[in-house]
Asker: 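Okay, handing you the structure first.
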Amino acid sequence: MQIKKLLKVLIPFCLFILSATFVASTIAQASFDPGEPRRFEIALIGDLPYDAEQEAKYQDLIQDINKSRSRFVIHDGDFKSGSSLCSDELFQQRFQLFQQFKHPLIYIFGDNEWTDCHRPAAGGYDSIERLAKLRELFTQGNQSLGQRTITLTRQSDNPKYTKFRENVRWTLGNVLFAGIHVVGSNNNLGRNAENDAEYAERNSANLAWLKEAFALAKASNNLGLVLVIHANPNFDLPPTDAQRTGFNDFINVLQTELQEYSKPVILVHGDSHYFRIDKPLNISNGNLITNFTRVETFGSPNVHWLRVTVEPRNPNLFEVTQEILP
């Protein structure tokens, strides 16, 4: 009798648990529909670390980002100062630092890592040889850096641009991200004939990659586009200024493409170590290009990071939060 009574209680209870588990599982699966764009976060850093003191603070920055819900981290160039040695040993040490990030890390080349390596304080290296070393070490395979990785599409997949493995793109949450190798020091233009030739070849590849990003964003009906370069393109300087001439082609193509694209676009860069969010571009009649926003990351001596929230329900799509370390 006792057993029968117990079964009468337990059987309905077990059926309820099974039913509740099934319903909860169904709801959980429905809420993670991969076809539905969802809110996500990414982390932006750059122009770090420059010296031993910043290397110590950089460890705190890594730990802070590792604890975040960032889907990936972007370092927009200059992992060393312009006056520190451009040695193989330092390159390898920075590679290992990138590997301490738990999240996927995408690294965009900066000028301090190669363009400025001819400086005596940086070791008097051949800058183009240092660029080849960067490509050899930091662009292996088609996976990002970091302990978890994501797959990247490289411009080098195109036989016409096999040299340019550092130009990459990837998609998350129906947002297209593209890294383009545009660096400070006037984009390596104006120092000597050899480097001017390097600029011309890379500039041609960069412009093709920029146009392709916009074409793909339109064809795929992406929610928006994120472009990442190292250099501050000096939007505020006249085109004839010696600090601007290396960026004129990039700015002109960017303005042209923006006039044919209505979704939100942000340009992430570093270089001038001045955190800012602004709208620096106008069309020919002087009207603001309202769907374009520039975001410049923190840089030496400020060891901080930016959290970008991508929210499909927000008409602006992107929200930027300062993450200030003590």
Asker: Could you walk me through whether F95 and Q93 pass side chain to side chain contact (heavy atoms under 4.5 Å, CB included), step by step?
Answerer: CA-CA 5 Å; F95 180 86; Q93 193 266 351; over 6 Å; no
Asker: Got a salt bridge between K163 and E198, using NZ or NE/NH1/NH2 to carboxylate O under 4.0 Å?
Answerer: no
Asker: Can a salt bridge be assigned to the pair R119 and D116 using a cut-off of 4.0 Å between side-chain N and carboxylate O?
Answerer: yes
Asker: Check the pair R165, D157 against salt bridge (Lys or Arg N to Asp or Glu O under 4.0 Å), reporting the backbone distance first and the verdict last.
Answerer: CA-CA 8 Å; R165 294 188 53 77; D157 294 344; 5.5 Å; no
Asker: Is N112 close to Y50 at the side-chain level, that is, under 4.5 Å between some pair of heavy atoms?
Answerer: yes
Asker: As an exercise, state the distance from NE2 of H118 to OH of Y125, rounded to the nearest 0.5 Å.
Answerer: 14.5 Å
Asker: Mind checking whether L44 and D76 have side chains closer than 4.5 Å, heavy atoms only?
Answerer: no
Asker: Roughly how far apart are N222 CG and L172 CG, rounded to 0.5 Å?
Answerer: 11.0 Å
Asker: My understanding is that only residues two or more places apart in sequence, or in another chain, count here; which of them pass side chain to side chain donor-acceptor pair (under 3.5 Å) with H269?
Answerer: R294
Asker: With rounding to the nearest 0.5 angstrom, report the CZ to CG distance, R202 to N187.
Answerer: 4.5 Å
Asker: Checking one residue: L189. Which other hydrophobic residues are in its cluster under the side-chain 4.5 Å linking rule?
Answerer: Y199
Asker: Check this for me: R69, atom CZ, are more than 12 non-hydrogen atoms of other residues, nucleotides or ligands nearer than 6.0 Å?
Answerer: no
Asker: Taking NZ, NE, NH1 and NH2 as the nitrogens, is one of them in K133 or E129 under 4.0 Å from a carboxylate oxygen of the other?
Answerer: no
Asker: Between S185 and N188, is there a donor-acceptor pair closer than 3.5 Å when you use the side chain of the first and the backbone of the second?
Answerer: no
Asker: Strictly below 4.0 Å, N to O, side chains only: are R94 and E113 in salt-bridge contact?
Answerer: no
Asker: Hey, can you tell me if F177 and W170 have their rings parallel, tilted or perpendicular (30° and 60° cut-offs)?
Answerer: parallel
